[in-house]
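Written out below as C-alpha cells is the structure these notes cover.
Source: prediction; values computed, not measured.
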Amino acid sequence: MAEDTDVEVTPGSTTATVGRVQRLPLRQLIQIGLAILIVTFVAIGSYKTLTLPSGEGYDPSTWKAFVISGVAQGGIYALIAIGYTLVYGVLRMINFAHGEVFMMGCFVSFFFADAYASSGFLNRHPYPALAVVFVIAMLTSCLIAMLLERVAYRPLRNAPRLVPLITAIGASLFLQNTAYGFFGPQTRAYPVPDVLSGDKTWTILGITMQRIQVVVIMTAILAVIGLTLFIARTRTGKSIRAVAEDREIASLMGIDVDRTIMVTFALGGLLAGIAGVQFGLTFGQVNFHIGFAVGIAAFTASVLGGIGSIAGAALGGLVLGLLQSVGPPLLFTGFNIPAPFQLQDVITFSVLVLVLIFRPGGILGSGEAEKV
Amino acid sequence: MGGGRGARWTVRAGLLAGVVSIYLCLVGLVGTLTSDVVGRISVGRVFLSLPAVLVGYVVARPALTSGAVRRLPVRSGVAVGALAGGTSGIVLAVGVGVVNLLGQDTVRNVFVAVSPQLMNILTFGRSTVVGALALILLGTLLGAIGGGVSAAPDDVRKPTIVASATTLTIGILRTIVHPALAQLGLRDDWLYSPITLGLTWLGAIVVFVVTYAATAFWRAQRTVVVARARRVAGTEARLRIGVLAVIALVLIALPFLVGSIVTQILGTVGIYILMGLGLNIVVGYAGLLDLGYVAFFAVGAYTTAVLTGGLRITTVGLVPPAFSLHLSFFVAVPIVVTVAAIVGLLIGAPVLRLRGDYLAIVTLGFGEIARILFSSDWLKGVFGGTQGMSGVPAAPVGSLQFRNAQPFYFLVLGFCLVAVYFSWRLADSRVGRAWNAMREDEQVAEAVGVSTVRYKLLAFAMGGAVGSLGGALFAIQIGSLNDASFTILVSITALAVVILGGMGSIPGVVVGALVLIGIPGVLSEFEQYRLLLYGAVLMAIMILRPQGLIPNIRRSRELEEEERAQDKWAGEVAGDDLGPEPVTPLGEGAG
Amino acid sequence: MRHRRWLTPLVLLGAFAMIAAACSNSSSAAGGSTSGGAAVDCNAAPGCVTIAAGAPIQIGTLLSVSGDNADLGTDSLYGVELAIDHLDGTFDGTPGQIDGHAVQLQQEDDTCSAEGGQAGATKLAANPDIVAVIGTSCSGAALGVADKILGDKGIVLLSPSNTNPALTAQGTHNPYYFRTAHNDLIQGAVVSDFAIKHLHAKTAATIHDESPYTEGLTTAFANAFQQAGGQVVDAEVIDSSQQSYTPVLTKIGQKSPDLLYGPDYTAECALILKQGHQVAGLANTTFMGSDGCFASNFIKLAGSAINGAYYSAPNLSAFQQKDFYNNEFIPAYKQQFGTAPISAFHAHAYDALNLLAAAIDKAAVKNADGSLTIARNALRDAVQGTTDLQGIVTTYTCTSLGDCATAVTIGVYAAPNLAIEGSTGNGQPIFSETKTLAQATGSG
C-alpha cells in the first residue's frame, strides 16, 4: 500500500505519522459500506412506516407516547451511566458490576420501604419515608461500590487492562448470585406511596407525564449539573480530574490517589442508589436480576454519549431510551416485521457500532472540553 | 505471639473469617447442601468449617520479618490458629444469637436461607446457648488444626493437605468413583456408605492414610522415580511419547470406566473445550476480547439443525422449517464451519478499530443479537422462534447413533483433537506470528506491513469456525434447540474457561473446561451455586493468578505491555492530549 | 522437526477414537435388563426392573426445584411427597407403600431448560433401578430431550405440569411420555370461548415473552379465536429481562383491541397491568392472562391495576374431589411444608404419582420370594391403559398420544378473586368450561 512508504520514523513524532497509517482503505471501505447499508435501511424503514395509511401507521399522539416513554426510561439509565463514566474516567476500566451495585441499593431499600408500607408510615408521611429509603439505598450502593473497589479492583490497579475487566465480570456474577442466595428468586413488590402512584401525573410545558417519570428526569438533570459543578469547582473534583488525567503524576503532586478513586466509586454508588429507588418506584418491582439488563443498557448509554463525559452519559441515556422505544416501531413496522420490539437490541447495538465507527469517543466524545 | 504479626492481626483475620462464615450461611451454601461427605458431615458443614480452618492455616504461615523468614513452632501455630478460629466461631455464634433474638421468621423475610434446617445445623440441634458454645469450640478446634498443620514441617504439612483434599474430593465425587469401581467389579461398601452416600469413616481413614503415604513417598523418591523412567524410556522424546500414549489410553478407556452419566458430562466438557479453543484464538492469540462468543455457538447449532433435517416445534407438532436439507452431519460440518467463518467476518468488520472495553461491549451486543434473531418471531419460519427446534438427527452413520453418551464422547474427542492440532499449528504459523505482532503493538505491526485488518478478520473467522463446531455438536448431543441455551452465560463460561486455563494456552483450555464444566456437572447439588462459584473463581484467578492455571509464557509477559497500549488508545479516544511518546521512556526495563 | 513426531500419534489417536466409537455403540444400546421373574420376558428390550424384597421402589423426579421457576417444581414435588404419604390412607407424615414396598425418590433438577432436562434424565436413565419418572416441570426440558432419553430406556415419564401441545402431538409424541396436566390447546380454546361468549370481544391482541409456555398459549388462543370469527390485530413480544413495556403496550393501544391476552409469568403480568392502564389506547381493553401469572405475590405486585382483569387456570374448585382437596390435602400441605400451595400443579403431581402407583400395581409381577418384577413395556401399557382413574383434579383416561387428563376444566377468574394466596373473595371462577382435546382443536 502506498501509505506504508509515508512512514517517517523521527524521534518524538512516531505516533503522529504512524497514526495515519491506520487509515487503510480496506477497513474504511468495509466500515463505510456497513454504514451505508444501515443508513439506507433506516431511511427506507422510516419512510415506509411514516407513509403507512392511517389505520396501520401511528398517529402523532402515539409517537408522543413513545417519545415520553423513551425519555423517562433514559432518565433511569442516565444516573447509572454516569457511574460507569466516572469510573472509566479515573480507572480506564468498565465496572461491569455497577449494575449489581444499583440492584443491591434497590433491594436493600426495598426492605425498609416494605416495612414502612406495612405500617402505613409510607403513605402517612411519604416524604420523610422516601427520604429514609433513598438514604438507605444510597448508603448500600455506596458501600458495595467501595467494597468492590477495595477488594476486587485495587489489587489490580496496575494490571493489564484485560484483568480488571474480567474481574469486574466475575464480581457482577458474584454479586448477582449473592443477592439470589440471600433474597431468593422471587420478584418483590416495591411499595409505591400514593403520591407517586402510576396514575398521578404532572403536566410540565404542556406534556403530561407520570409523576415518577418527572422525578426521574429532574433528578438526572440535577445530577448532571451538580456533578459537573462538583468536578469543576471543588477540591475533590479537581483531584478526580487529576487522577483521571494521569494517575502517577497526580500522586506525585500529593493527591491521595486511593482516596480519590474511592470517592469516585462512592459518587457512582450514590447515584446508582438513587436510580435504584427510582426504578423501584417506577416499576414497582425488584428482583436479583434487574441489574443485568439495566447495567448493559446503561453502559451502552455511557459509551454512546461519550465515555468520560458526565453530560455525555446523560445524553447517551436519553438517546438509548429513545432508540429503544421509538426505534422499533419506526424502523420495522414499514417492513411488516412482526413483533418489532423483540428486535429492539438489534437497533441499539447497530447504532452503537455506527457511533463507535465514526465517532469512537461517542456523541460528546472527541473535542469535548469538559471531561472527568 | 504469632509469627511477628501480632494478636491484633490474628483477631482481625478471625473476624473476617467469621464474616465469611456468616456469608456462606446466608447465601444458602451451608443449609441446602445436605449430602454427606464423610460419615454424617454434610457438604454444608464442610463449607461452614472451611473459613475457620483456612484462617488458622493462614495466620500461622511463616512470616517475613526483619528480612528473615520466621517459622512458628508448632505449639505457637496451634495457639495462633486457635485464636483466629475461635474469633471466627464467636462471630458465628453472635450471628446465631442475633437471629434468635430477632426471630427466625423475621430474619427469613429478608434472608431466605435462614431456615430451621440451617439453624439446626448451626446449633447442632441443641439450644441456642449450647449451640453457640459449640460453635466457638469448634471454631477454636478447627483453627488450631489449621494452625498446627501450617506450622508443621513441610514433610508433614504437604502430605496432610493433599490427603485431606483428596479425602474430601473422593467423598464428594461419589458419582464418578462409585460407577468406576462398579465397572471394575470392585466392592465399595466399605468405602461409601449406601445409606448416607458419603464416605464411611473407615473409607475416609483409608483414603487419608493411603494418600498421605503416597504423597510422602513421592516427595522422597521423586527424583529417583523420574530418573528411572528416563532410563527405561531411553530418550526424552520416547519418554514424552510414552506419557502421551498413557494419556491416550486413559482417554479412550475413560467412558468405559466411569459410566454413562460422567461420559455425558465429559461430552459437554468436550464441547466447551472446542468453544474455549475457538475463543482462545480470538482472545488468546489475537488479543481481541470477544464477549459475544455465543453467536458462533448459536450459528453452529442452528445451521446444523437446519442442514441435517431438524424440525421446528409448533403447537401442532414438529414441522419442517421453510428451508431445510437432510444432509448427513459429517457433510454438513464443512458448510457450518464456512457459514460461521462468514459470520465471523461480518462481526469482525465493524469492530476493526475498537480496542479493549469497547470491543467487549460491542461483541456482547452481537451475541445478544444472534440470540434474538434465532428466537425471533420474524424468523420463526426457519428457526422455530421461541419454541425452537427439535428432532435433530443424531448423526447416524450406518447403525451408529452418536447421541448415546459413549459414541458422542468419541465424536467430541475426535473433533477436539483436530481443533487442538489446528490451534497448536496456528500458534506457530505465520498467522500466529502476525497475531503476536498485532497484539504487542498494533501500530508498529501496521508499520512493518502486517495488515491488522486482514488478521483481525482472520481471527474472528477462524475463532468463529472452531466455536461453531461446539454448537454443531451441541445440536447433536441434545437434539433440541431453544433460545434458553444461547444466552450470554455461554459466552461468559467460554471466557472463564479460557481465562482460568490461561490465555493462549491450549492445555489451559482443557483444564479450564474440566474444572468449570466438569466439576459442576458431576456435583449436581452445586447447580444452584454454579454462577456464584464462577464469579468467585473469575475474581480469585484474576487477583491471585491472572496468567491462569497453565500459563502461556509468552502471553504472560505481553499482558504487561498491553496496559500501556490501551492507556494510550483510550486516552486518544477520550480526547487526552498525551503528546508524542518518548522513544525510550524511563524505567521501561524488560517488562 | 521434533514436533512432527507428536503429529502422527495425535492423528492416529483421532482415527482410533472414531473407530472406538463404532465399537462402543453396541455396549450402550442394551437397556437395563435384569433377570426376570416367572411369567415375564425380561430379555426383550427394554427389559425389566426387579425390586428385591424389602427394597424400595425407586421413582425419579425431574422437576424445576431451583432458579426462577423453583416454585413450580417444588410445589409439584410436595404433591408427589403427599401422595407417597397418603399411600397408606392418611396424611400422617409417614410414607406409605406400593405393593409392600416403600417408595424412594431420586430427585433431579430440570432447571427448566433443555440442558437440565438432559442432564437429569441421563442421571435417572443410568440408574437401572428407576421404575418411572415424574417430570418434567417445564416443557422445554421434556420435548425431544428428557422424553427421548428416558423413552429410549423404556422408562415412563409422567409430567404433572407440561402443557405444551407439541409434547402430545402426532409425530412428536414419545410412546413413553404421559401427562396429567392439561394440554394448552384446551386452555387457549377456553380463553377464546370466554372472550367471545362472555366479553363479546371481536378483536384481540396477544403478548408473549419468548418462552415456549407463553408462546404456545398465545398461539393456541389466536388459532381458536380466529376460528371462531375473531380477529387478532396484534401479536407482540416482550423481553422478560426488561421492565419497560409501555412502548409495546402503546403500539397495541393504537389498535384498541377489545382484549389483550398476555399469559406470561408473574412479574411481567403485573407490569403489563400497571403500565397498560396508563396507555390511553387501552382504556377500553380487557386484560387477560393465565396461570403463569399465579405466583403467590401476584396480587401484591399488581396492586389496584388488577381490577377488571381475568385469568384462566385449571379450575381448582372444579376439582373432582373438592372436599378431599380442601379438607385434607391442603391442610396436610400446609402442615408438612409450612406454606399454602406455592404453585398450581401440586394436585396434578399428586394424581400423577397415584396414576403411576396404580399402573405399577397392575403391571408388577409379585414373586414368591417377596420381590417384584416390573417389565417396562408392561408398565407403559398399564399407564396408557389407565381408564377412569379418579384423581383429585379429574378422571384420568390416558390416550395413546399421552394426554391423560382428556376432559379438562379450565376456569376463568375475575381479579382480584383469584385462586391464589392473598386474594379476596371465594376463589371461584366466573366462567368455567370443560373441554376435551378433540373439542378444543375443532375436530370434535
Side-chain angles (χ1 to χ4, degrees), chain A residues 54-59 61-70 72-73 76 114 117 180 184-192 194 197-199 201 209-210 213 279 282-290 292-294 296-297 321 324-329 333 338-345, chain C residues 64 66-71 74 112 206-210 215 218 233-256 265-271 273-282 295-305 342 422:
Chain A
S54 73
E56 296 169 43
Y58 303 105
D59 53 29
S61 67
T62 313
W63 287 118
K64 198 163 121 182
F66 284 143
V67 169
I68 293 178
S69 171
Q73 183 71 358
I76 295 201
D114 197 35
Y180 172 60
Q186 210 187 38
T187 305
R188 315 281 191 125
Y190 202 100
V192 181
D194 289 337
S197 85
D199 48 345
T201 60
M209 294 190 288
Q210 290 182 324
Q213 287 177 328
F279 179 94
T282 305
F283 297 113
Q285 291 186 354
V286 61
N287 67 49
F288 72 100
H289 203 62
I290 55 177
F292 179 71
V294 174
I296 293 184
Q324 284 186 337
S325 67
V326 176
T333 319
F341 285 97
Q342 199 178 20
L343 305 173
Q344 163 186 317
D345 283 347
Chain C
S64 295
S66 71
D68 295 338
N69 295 296
D71 274 357
T74 313
C112 204
T206 61
I207 298 184
H208 74 76
D209 72 350
E210 299 182 313
E215 206 257 0
T218 52
V233 296
D234 206 353
E236 292 294 328
V237 180
I238 54 176
D239 183 344
S240 54
S241 68
Q242 302 201 330
Q243 287 78 23
S244 174
Y245 302 146
T246 309
V248 173
L249 293 165
T250 309
K251 177 171 185 281
I252 296 178
Q254 271 269 210
K255 304 269 171 65
S256 286
Y265 291 105
T266 314
E268 299 139 24
C269 295
L271 288 171
L273 283 174
K274 288 197 288 203
Q275 294 173 9
H277 280 270
Q278 304 305 319
V279 173
L282 296 176
S296 46
N297 64 346
F298 176 49
I299 296 183
K300 210 167 161 196
L301 277 174
S304 60
I342 52 180

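When each of C/H208, C/E236, C/E210 is tested with A/Q342 by the rule side chain to side chain donor-acceptor pair (under 3.5 Å), just one qualifies, namely C/E210.
Of the possible polar contacts, one joining the A/Q285 side chain to the C/A267 backbone as a donor-acceptor pair under 3.5 Å is found. Side-chain atoms of C/N297 never come within 3.5 Å of backbone atoms of A/R188 as a donor-acceptor pair (strictly under, hydrogens ignored).
The parts of A/D59 that come within reach of chain C are both its backbone and its side chain, each placing non-hydrogen atoms under 4.5 angstrom from that chain. C/Q243 touches chain A through backbone and side chain together, each having a heavy atom under 4.5 Å away. In this structure, chain C has a heavy atom under 4.5 Å from the side chain of A/F279, while its backbone stays farther away. Looking at C/A235, the atoms closer than 4.5 Å to chain A (heavy atoms on both sides) all sit in the backbone: N, CA, C or O. For a residue to count as touching a neighbouring chain, one of its non-hydrogen atoms must lie under 4.5 Å from one of that chain's; by this rule A/T62 touches chain C with backbone and side chain alike.
No side-chain heavy atom of A/P329 sits less than 4.5 Å from a side-chain heavy atom of C/P247. In this structure, C/K300 and A/D114 have side chains that are in contact, with non-hydrogen atoms separated by less than 4.5 Å. You'll find the side chain of C/K251 reaches within 4.5 Å of the side chain of A/P340, heavy atoms only.
Here CD of A/Q213 is found 8.5 Å from CD of C/Q278. Values are rounded to the nearest 0.5 Å. Taken from CD1 in A/I296 to OG in C/S241, the straight-line distance is 8.5 Å, to the nearest 0.5 Å.
In terms of heavy-atom pairs under 4.5 angstrom with chain A, the leader among C/K255, C/Q242, C/H277 is C/Q242. Counting heavy-atom pairs closer than 4.5 Å to chain A, the top residue among C/V279, C/T250, C/T266, C/T246 is C/T250.
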For this session: Check the pair A/F283, C/L271 against side chain to side chain contact (heavy atoms under 4.5 Å, CB included), reporting the backbone distance first and the verdict last.
Result: CA-CA 7 Å; A/F283 297 113; C/L271 288 171; 4.0 Å; yes
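Residues A/A339 and C/V237 approach most closely at CB-CG2, 3.4 Å, considering heavy atoms.
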